[in-house]
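Chain letters run A, B, ... following the sequence lines, proteins first and then strands; every chain starts at 1.
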Amino acid sequence: MTVYSVKQLLASVAPVESEVTVKGWVRNRRDSKAGLSFVSISDGSCFDTIQVIAETNLTNYESEILSLTKDCAVIATGKLVASLGGGQKYEIQASKIEVTGFVESPDTYPVSPKRHTVEYLREHAHLRIRTNLMSSVMRVRNTVSMAIHDYLQTNGFNWVHTPLITASDCEGAGELFKVTTLDLANPPRDEKGKVDFKQDFFGRESYLTVSGQLNVETYCMGLSKVYTFGPTFRAENSNTTRHLAEFWMVEPEIAFANLMDDATLAQGMLKHVFKTVLNKNSDDMGFFAQFIDKNVVTRLERMVNDDFEMITYTDAMKRLEASGKSFENPLYWGVDMASEHERFLCEELVGKPTIVTNYPKDIKAFYMRQNDDGKTVAAMDILAPGVGEIIGGSQREERYDVLVARMMEMGIEPESLSWYLDLRRYGSAPHAGFGLGLERAVSYITGVQNVRDIIPFPRTPKSATF
RNA sequence: GCCUCAAUAGCUCAGACGGUUAGAGCGACGGACUGUUAAUCCGCAGGUCGUAGGUUCGAUUCCUACUUGAGGCGCCA
């Protein structure tokens, strides 16, 4: 007898009529008084279950099999046969079913075999992976992660493991979580009575990173094509369906590249990811199409074939104004687009992912490269219908004098980022990069609207239970 | 951080202008039937109506605070 995953069994990896073993959790049991029970088993390897036929000749048929409920853990062994019933290709004629764990009190077991709301499942995050919804989301999340690696590795990128702890508080992307080993009830004080961080672990104030970008830029200036892929932390008090305090981000950075190279890379990577998901997770996507949003598959297919729309910020403002639509938030050149503007632009006016380029410099970060017009920077945001911004990127300012001047204008002490400025003094090269929010991308792909249901254990304000 | 909404059975919800025994569907459990597959049919159990105060003869229902959750906005990925 050989152990197989459900996926292998359904994919004809095991010879028919051979003895096989499968290990997993019961999704459903149906009894027939003809003297047999149908036990559907899931092991997470794929969307579908394998049907195991248990007959009365099993020694534990009366004592255990007839008591199996959803999510009892079992090891089933038997002969793999062509299914006698419709609905599946193969099934297992069990010779032995070992129950390694029953479910206590199935009447109050949180993940009962019925439809649950995502809010309810979130409160049982340690058990929610046993639902079709969450297991499909997690398989797609895995595919997306590996497709990103695959695309970048195939194109010669190096994965750089940038630090999660940082000492620079001016990365420019929101509030930071403080990292300290000081006794908060009784911290050491300096002569002015302030907390003396010289005595802290790193000898200075330190934080969890809000972006690996500044660090990865340094490795870009030696490895040419690099990316970060890891968790990122924002202490913003954001309460929305698309914000997490801890989320995963991919940040490619390319040397000798401009904004157009950056946009081309972003588009190529997204298309590869979409195509891979359509190929590898068609059953999961079919589930989303049936229960979440019927458009998810056709939307992705169109995305793979069509190019994204590219439009400058200035033209986007013109189109929004010309649309005659009235908005809650002010709309004029120089203001940052509000969610309603971004959504109307990419959902109504364009109807597909939209790359907005060349934003006014005053609403963007200090490191973005100034355009010759003196008013805009070489930035881009990629907006996805239904989700909003999934990518933010830019060509970086590689000119030392311009960068320092910009930092001074924005009140950032150049001395605090001297190592970052050194890149512009020692062999500076034009370069560009972007950040992709992994949860937002998977949210867009699956149609599952809240990023709290895209990450295994969401961290949000006032919530870190599991 | 701001605004809005919600909290009644294991889950999703209905309900009572404040008045004896609070309902349904799903799930669980028991039974019937069946190579079944979100099975079907019948039956049974299951509730201090989020917490604490207040108004009232009487509050699960009205009021206040709190807690928790959700949605929108802002911040952004």
At a cut-off of 3.5 Å, list every protein nitrogen or oxygen paired with a nitrogen or oxygen from nucleotides 70-74 of chain B, distance to 0.1 Å.
{"residue": "A70(B)", "atom": "OP1", "partner": "R122(A)", "partner atom": "NH1", "Å": "2.7"}
{"residue": "A70(B)", "atom": "OP1", "partner": "R452(A)", "partner atom": "NH1", "Å": "3.3"}
{"residue": "G71(B)", "atom": "OP1", "partner": "N450(A)", "partner atom": "ND2", "Å": "2.8"}
{"residue": "G71(B)", "atom": "OP2", "partner": "N450(A)", "partner atom": "ND2", "Å": "3.4"}
{"residue": "G71(B)", "atom": "OP2", "partner": "R452(A)", "partner atom": "NH1", "Å": "3.3"}
{"residue": "C73(B)", "atom": "OP2", "partner": "R242(A)", "partner atom": "NH2", "Å": "3.0"}
{"residue": "C73(B)", "atom": "N4", "partner": "N239(A)", "partner atom": "O", "Å": "3.1"}
{"residue": "G74(B)", "atom": "OP1", "partner": "S339(A)", "partner atom": "N", "Å": "3.4"}
{"residue": "G74(B)", "atom": "OP2", "partner": "S339(A)", "partner atom": "OG", "Å": "3.0"}
{"residue": "G74(B)", "atom": "O6", "partner": "N239(A)", "partner atom": "N", "Å": "3.4"}
{"residue": "G74(B)", "atom": "N2", "partner": "N237(A)", "partner atom": "O", "Å": "3.2"}

Interface polar pairs with nucleotides 7-9 of chain B, N/O, under 3.5 angstrom:
none

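In this structure, F327(A) and F344(A) have perpendicular ring planes: the angle between them is above 60°, well past the 30° mark. Using the six-membered ring where Trp is involved, W159(A) and H161(A) have ring planes that are perpendicular, over 60° apart on the 30 and 60° scheme.
Within 4.0 Å (heavy atoms only), Y120(A) reaches sugar-phosphate atoms of the nucleic acid but no base atom. T69(A) comes within contact range of the sugar-phosphate backbone alone, with a heavy-atom separation under 4.0 Å but no base atom that close. E439(A) comes within 4.0 angstrom of no nucleic acid atom, judged by non-hydrogen atoms across all strands.
One finds a side-chain N or O of T117(A) lying less than 4.0 angstrom from the OP1 or OP2 phosphate oxygen of U12(B).
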Quiz prompt | Test log, rule salt bridge (charged side-chain N to carboxylate O under 4.0 Å, His left out), inputs D262(A) and R369(A) | solution = CA-CA 13 Å; D262(A) 201 32; R369(A) 191 181 197 279; over 6 Å; no
For I254(A) and H431(A): C-alpha separation, side-chain torsions, deciding distance, then whether side chain to side chain contact (heavy atoms under 4.5 Å, CB included) applies. CA-CA 6 Å; I254(A) 41 179; H431(A) 60 294; over 6 Å; no
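Stacking between F247(A) and A77(B) is present: the aromatic ring centre lies within less than 5.5 angstrom of the base six-membered ring centre, and the two planes differ by under 30 degrees.
Atom CG of L270(A) and atom C1' of A77(B) are 12 Å apart (whole Å). The CZ atom of R29(A) sits 13 Å away from the C1' atom of A39(B) (whole-angstrom rounding). I454(A) has its CD1 atom 19 Å from the P atom of A77(B), to the nearest Å. Between I363(A) atom CD1 and C75(B) atom P there is a gap of 10 Å when expressed in whole angstrom units.
The side chain of Q51(A) approaches U36(B) more closely than any other nucleotide in the set G25(B), U36(B), A28(B). If you check U12(B), A28(B), U36(B) against the side chain of E91(A), the one that comes closest is U36(B). Side-chain proximity of R440(A) to G10(B), U36(B), A77(B): nearest is A77(B).
Using Watson-Crick or G-U wobble geometry with both donor-acceptor distances under 3.5 Å, A45(B) finds no partner in any strand shown.
Mapped onto RNA chain B by nearest heavy atom, T108(A) and G87(A) fall at different nucleotides, with T108(A) at the one closer to the 5' end. Positionally, the nearest nucleotide of RNA chain B for L68(A) lies more toward the 5' end than for the other of L68(A) and I53(A).
Side-chain atoms of E340(A) come within 3.5 Å of backbone N or O of N329(A) as a donor-acceptor pair. Between the side chain of N450(A) and the backbone N or O of D453(A) there is no donor-acceptor pair closer than 3.5 Å.
No option in T232(A), T228(A), T209(A) other than T228(A) meets the side-chain contact (heavy atoms from CB on, under 4.5 Å) test with T162(A).
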